[in-house]
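Just below is one structure, and these are the notes that go with it.
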Amino acid sequence: MGECPHLRPKAKDVSPLIQEILIEVAKETPEQWQVRLEALAPELIEELNTKKEPDKGLKALDLEEGQKVVMRFAPNPNGPPTLGSTRGIIVNSEYVKKYGGKFIIRFDDTDPQTKRPMLEAYDWYVDDCKWLGANPDEIVIASDRIPVYYDYARKLIEMGHAYVCFCDGADFKKFKDAKQACPHRDASSEDNLGHWDKMLSGEYEEKSAVLRIKTDITHKDPALRDFGAFRIVKTPHPRPEVGDKYNVWPLLDFEGAIEDHELGMTHIIRGKDLMDSEKRQGYIYKYLGWEYPKTTHWGRVKMHEFGKFSTSGLRKAIEDGEYSGWDDPRLPTLRALRRRGIFPEAIRKFMIEMGVGETDISLSMDTLYAENRKILDPIANRYFFVWNPVEIEITGTEPCTTTPALHPTKDRGCREIEVDNKVYICKEDAEKLEEGSKIRLKDLYNLEITSMEPLQAKYLGNSIESVKKEKMRIIHWAPMDGISVKVLSPDGEFTGIGERQIATELDKVVQFERFGFCRIDAVAGEVVAYYTHK
RNA sequence: GCUCCGAUAGUGUAGCACGGCCAAUCAUGCAGGACUCUCACUCCUGCGACUGGGGUUCGAAUCCCCAUCGGAGCACCA
């Protein structure tokens, strides 16, 4: 019908005819269909056989042919980047890669008080962006550019679009809720300029005055009625280059509005919590005759594995020793994921395939782990690590050496393990045994349990055929001269014994068989490993 | 209270701007099986969704209205 619009008026007549034909066709066999299709339209057969490739990844951006983009990621560095931050980093930088242009990191660090920036975090953001493959073309720090914001503020006051308001917060809210102008709204530009200068020079105390942008005080959406643009904060900024230079600080809506224009932003992609913010900023753009960048939003993201946590709450928990630091494996910070051996490529893929939807989503780390496992499995060497180790004594054989492969399918050589008359096995494996049970020590030999306490076994040959025939359990083990290993995981700590050769894998991700992937974090004395995932 | 968004399998996601190629994609998850000297990997099979109700239309996941549910904003936070 789409192809033959002239039939549309006759749709009522056409559809019974089609129905009849369909009934006829349904009586035939698939083989008959094949024959008829070959006669009618052979090209369709190929089309049927090729699977539809759905659009993967990010949707096209709204722009003109050949246009380059300028996009930004704008964090407040009041804590370390987290998995949540990566959405902004990856989506924005990916578009810049796709269309060409500029990717900017802009630190919106204009609150020295409530969400006070953390000095180390500036570098963390830049580092983590680079690690994720999102190299910034430019780094902008808002607290370096306060005079720029002051200039625009003055301009808006002169134009009569901004006023200094001395209302108490609660009083202003009453006026606003009643759609009424507060007493200061109609002051002259001259008066306002005078007040503004006094704000800047520090004559007013904190909370006593605020610069507001005039919008429409009767707007039906209360969120859009006259909003604050600057406030007085006398707490010095943590950056030494800024310190106590300023008494008056811009609020996000103002600072962001000015910077997005100054930096030539073409597109903005950010959380939908900032949707109203955009409408407020629209007034500033209108007054200054600017055009607002094109915007897209994403919804709230929650990870099943991580509850709600605030940066400030987390900071306290770390200070209290509840977590070992910002890279504690239980945390969703990028530093932690990095330390655990999550690869940036996996995070990128995860974020890109998630796309940019306005729906609030709640997702599981499993999907990220699955991506990461695809990268890890071919490159991770295999080792034995026995957690909660118990000794088992073996009789009936001589000390020997075994050489299991480092990888089950890739040819990467072997490791070498010497075995005397005792090995370690996991307590949870030992608990399933009883006198007379037969087990296979993987890559070693077969045993029959002769005593449970103490745990003893006798050598039963090393025929793998009899393992299969008798369906023996195959368990892993560790030699008596193994190395102590401590694994830190989101679910707690595991300690035990591993092969000595693990110590050569510093900073690599290995797989502890029947346990999971781990990144070897330290090898001095004992091995410390961070659990990656199953 | 006012305002603004959104809703497709367990979880994400494609399809929706322009209604018919949708008996709805892909991934992950789960279940079963094959392979395997790991509980990993790989392979095969299966499970599973258009929030509900009206309307428009020959035809609705797609357009319109209502309801329900979820989220956000109404800060001198970002």
Side-chain angles (χ1 to χ4, degrees), chain A residues 1-3 8-16 18 44 47 51-56 59 74-76 78 108-111 113-117 165 167-169 172-173 176-177 179 206-212 219-225 227-233 248-249 251-253 255-256 271-277 279-280 297 299-301 304 311 349-350 353-355 357-364 366-371 373-374 376-378 380 382 384 404-405 407-409 440-444 462 464 467-468 472 474-476 511-517 534:
Chain A
M1 200 69 75
E3 281 168 27
R8 245 177 218 151
K10 295 183 181 161
K12 248 179 191 154
D13 307 321
V14 174
S15 83
I18 294 175
L44 287 181
E47 206 180 307
K51 274 192 176 171
K52 279 187 286 184
E53 270 295 321
D55 285 347
K56 276 266 157 87
K59 283 179 205 159
N76 174 10
N78 64 334
D108 286 345
D109 61 342
T110 56
D111 177 10
Q113 209 165 52
T114 326
K115 288 194 175 166
R116 189 174 169 81
C165 172
C167 290
D168 180 63
F172 182 78
K173 186 171 162 43
K176 189 191 64 183
D177 287 345
K179 300 188 183 180
E206 284 187 12
K207 305 264 177 196
S208 66
V210 56
L211 186 79
R212 289 188 193 284
H219 198 287
K220 64 171 181 166
D221 183 349
L224 303 191
R225 298 173 200 154
F227 62 92
F230 286 84
R231 59 172 180 154
I232 301 169
V233 178
V248 175
W249 288 89
L251 291 154
L252 177 77
D253 284 340
E255 178 265 330
K272 67 175 182 182
D273 48 318
L274 264 22
M275 267 176 153
D276 284 324
S277 172
K279 291 181 193 153
R280 286 192 285 262
H297 307 95
R300 261 172 68 108
V301 187
H304 294 318
T311 310
K349 213 164 165 223
F350 177 66
E353 285 184 3
M354 194 160 79
E358 284 192 22
T359 322
D360 298 314
I361 54 178
S362 166
L363 27 89
S364 157
D366 283 347
T367 319
L368 174 61
Y369 292 160
E371 290 297 345
R373 192 150 38 226
K374 281 179 202 155
L376 241 38
D377 190 75
R382 270 55 172 175
F384 292 147
H407 194 280
T409 53
R440 166 72 173 187
L441 295 181
K442 187 169 186 288
D443 299 309
L444 191 60
N462 60 0
I464 196 68
V467 171
K468 286 179 182 165
M472 287 182 209
I474 300 168
I475 65 171
H476 68 290
Q511 189 199 41
F512 290 150
E513 296 193 33
R514 305 210 304 145
F515 182 74
F517 294 93
K534 188 90 197 146

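In what follows, chains carry the letters A, B, and so on, assigned in the order in which the sequence lines appear, proteins first and then strands, with residues in each chain numbered from 1. Quick note: numbers below take in every heavy atom, side chains included, and nothing from hydrogens, waters or symmetry partners.
Of the candidates B:A78, B:U28, B:U3, B:A78 carries the atom nearest the A:D108 side chain, counting heavy atoms from C-beta on. For A:A223, the listed nucleotide lying nearest its side chain is B:C74; candidates were B:C74, B:U28, B:A78. Side-chain atoms of A:D111 lie closest to B:A78 of the nucleotides B:A78, B:U28, B:C37. The A:P408 side chain lies nearest to B:A40 when the options are B:U11, B:A40, B:G73. Proximity note for A:R373 (side chain, C-beta onward) versus B:G29, B:C39, B:G73: the nearest is B:G29. The side chain of A:D221 lies closest to B:C4, out of B:C4, B:A72, B:C76. In the set B:U28, B:C76, B:C37, B:C37 carries the atom at the smallest distance from any side-chain atom of A:I474. Considering only the side chain of A:D377, B:A40 comes nearest among B:A40, B:U3, B:G73. Proximity note for A:P222 (side chain, C-beta onward) versus B:A78, B:C4, B:U3: the nearest is B:U3. The A:T359 side chain lies nearest to B:A7 when the options are B:A78, B:A40, B:A7.
A:R440 has its side chain out of reach of A:I475: every pair of non-hydrogen atoms, C-beta onward, lies at least 4.5 Å apart. At least one side-chain heavy atom of A:K442 sits less than 4.5 Å from a side-chain heavy atom of A:F384. Counting only heavy atoms from C-beta outward, the side chains of A:K279 and A:H219 never approach each other to under 4.5 Å. You'll find the side chain of A:F515 stays beyond 4.5 Å of the side chain of A:H476, heavy atoms only.
At whole-Å resolution of the value, CZ in A:R300 and C1' in B:C69 are 15 Å apart. With rounding to whole Å, A:H219 atom NE2 is found 9 Å from B:C4 atom P. Distance A:R280 CZ to B:C74 C1': 8 Å, rounded to the nearest Å. Taking atom CG of A:D443 as the reference point, atom P of B:U36 lies 15 Å away to the nearest angstrom. At whole-Å resolution of the value, CG in A:L376 and C1' in B:U38 are 15 Å apart. Atom pair A:I361:CD1 and B:A14:P shows a separation of 10 Å (rounding to whole Å applied). Nucleotide B:G73 holds its P atom 13 Å from the NZ atom of A:K176, rounded to whole Å. With rounding to whole Å, A:K173 atom NZ is found 14 Å from B:G73 atom P.
Contact between the side-chain N/O atoms of A:T110 and the OP1/OP2 oxygens of B:A78 is found at a separation under 4.0 Å. Side-chain nitrogen and oxygen atoms of A:R225 include none within less than 4.0 Å of the OP1 or OP2 phosphate oxygen of B:C74. Dashed line: the shortest gap from a side-chain N or O of A:K220 to OP1 or OP2 of B:C4 is under 4.0 Å.
The same atom, P, is picked in B:G12 and in B:C74; the two are 26 Å apart, to the nearest Å. Nucleotides B:C47 and B:G10 are separated by 11 Å at their C1' atoms, to the nearest Å. Rounded to a whole angstrom, the distance from the P atom of B:C5 to that of B:A23 is 31 Å. Atom C1' of B:C44 sits at a distance of 42 Å from the matching atom of B:C63, rounded to the whole Å. Rounded to a whole angstrom, the distance from the C1' atom of B:C37 to that of B:C30 is 28 Å. Separation of the C1' atoms belonging to B:C21 and B:U3 is 41 Å when rounded to the nearest angstrom. With both ends at atom C1', the span from B:G1 to B:U62 equals 35 Å, rounded to whole Å. B:G53 and B:A61 have their C1' atoms separated by 16 Å, given to the nearest Å.
A salt bridge does not link A:K173 with A:D168: none of the charged nitrogens is closer than 4.0 Å to a carboxylate oxygen.
Using a 4.0 Å heavy-atom distance criterion, A:L252 is classed as a base contact. Using a 4.0 Å heavy-atom criterion, one finds that A:Q511 contacts the bases of the nucleic acid, with or without backbone contacts as well. At a threshold of 4.0 angstrom between heavy atoms, the contacts of A:K442 include nucleobase atoms, whether or not backbone atoms are also involved. As judged by a 4.0 angstrom heavy-atom cut-off over every strand, A:L251 is placed among residues touching the sugar-phosphate backbone only.
Nearest heavy-atom pair across A:K272 and A:D360 is CE-OD1, 3.4 Å. Among all heavy-atom pairs drawn from A:D108 and A:A74, the shortest one is OD2-CB, 3.4 Å.
Atoms CZ and CG, from A:R382 and A:D443 in turn, are 12.5 Å apart once rounded to the nearest 0.5 Å.
Taking the O4'-C1'-N9-C4 or O4'-C1'-N1-C2 dihedral as appropriate, B:A14 has a value more than 90° from 0 and is therefore anti.
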So A:F350 and A:T367, side chain to side chain contact (heavy atoms under 4.5 Å, CB included) or not? Walk me through it. CA-CA 7 Å; A:F350 177 66; A:T367 319; 3.7 Å; yes
Decide side chain to side chain contact (heavy atoms under 4.5 Å, CB included) for A:V233 and A:E206; before the verdict, give the C-alpha distance in whole Å, the side-chain angles of both, and the deciding distance to 0.1 Å. CA-CA 6 Å; A:V233 178; A:E206 284 187 12; 4.3 Å; yes
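A donor and an acceptor atom never sit less than 3.5 Å apart when one is taken from the side chain of A:E371 and the other from the base of B:U28.
Each of A:K468 and A:K207 was assigned the nucleotide of RNA chain B with the nearest heavy atom; the assignment lying further toward the 5' end belongs to A:K468. Remark on RNA chain B: of its neighbouring residues A:R440 and A:S362, the 5'-side contact belongs to A:S362, judged by nearest-heavy-atom nucleotide.
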Both distances under 3.5 Å, Watson-Crick or G-U wobble: on that basis, could you give the dot-bracket string for RNA chain B, with [ ] for crossing pairs and | for other-strand partners? (((((((..(((.......[.....)))((((((.......))))))...(((((..]....))))))))))))....
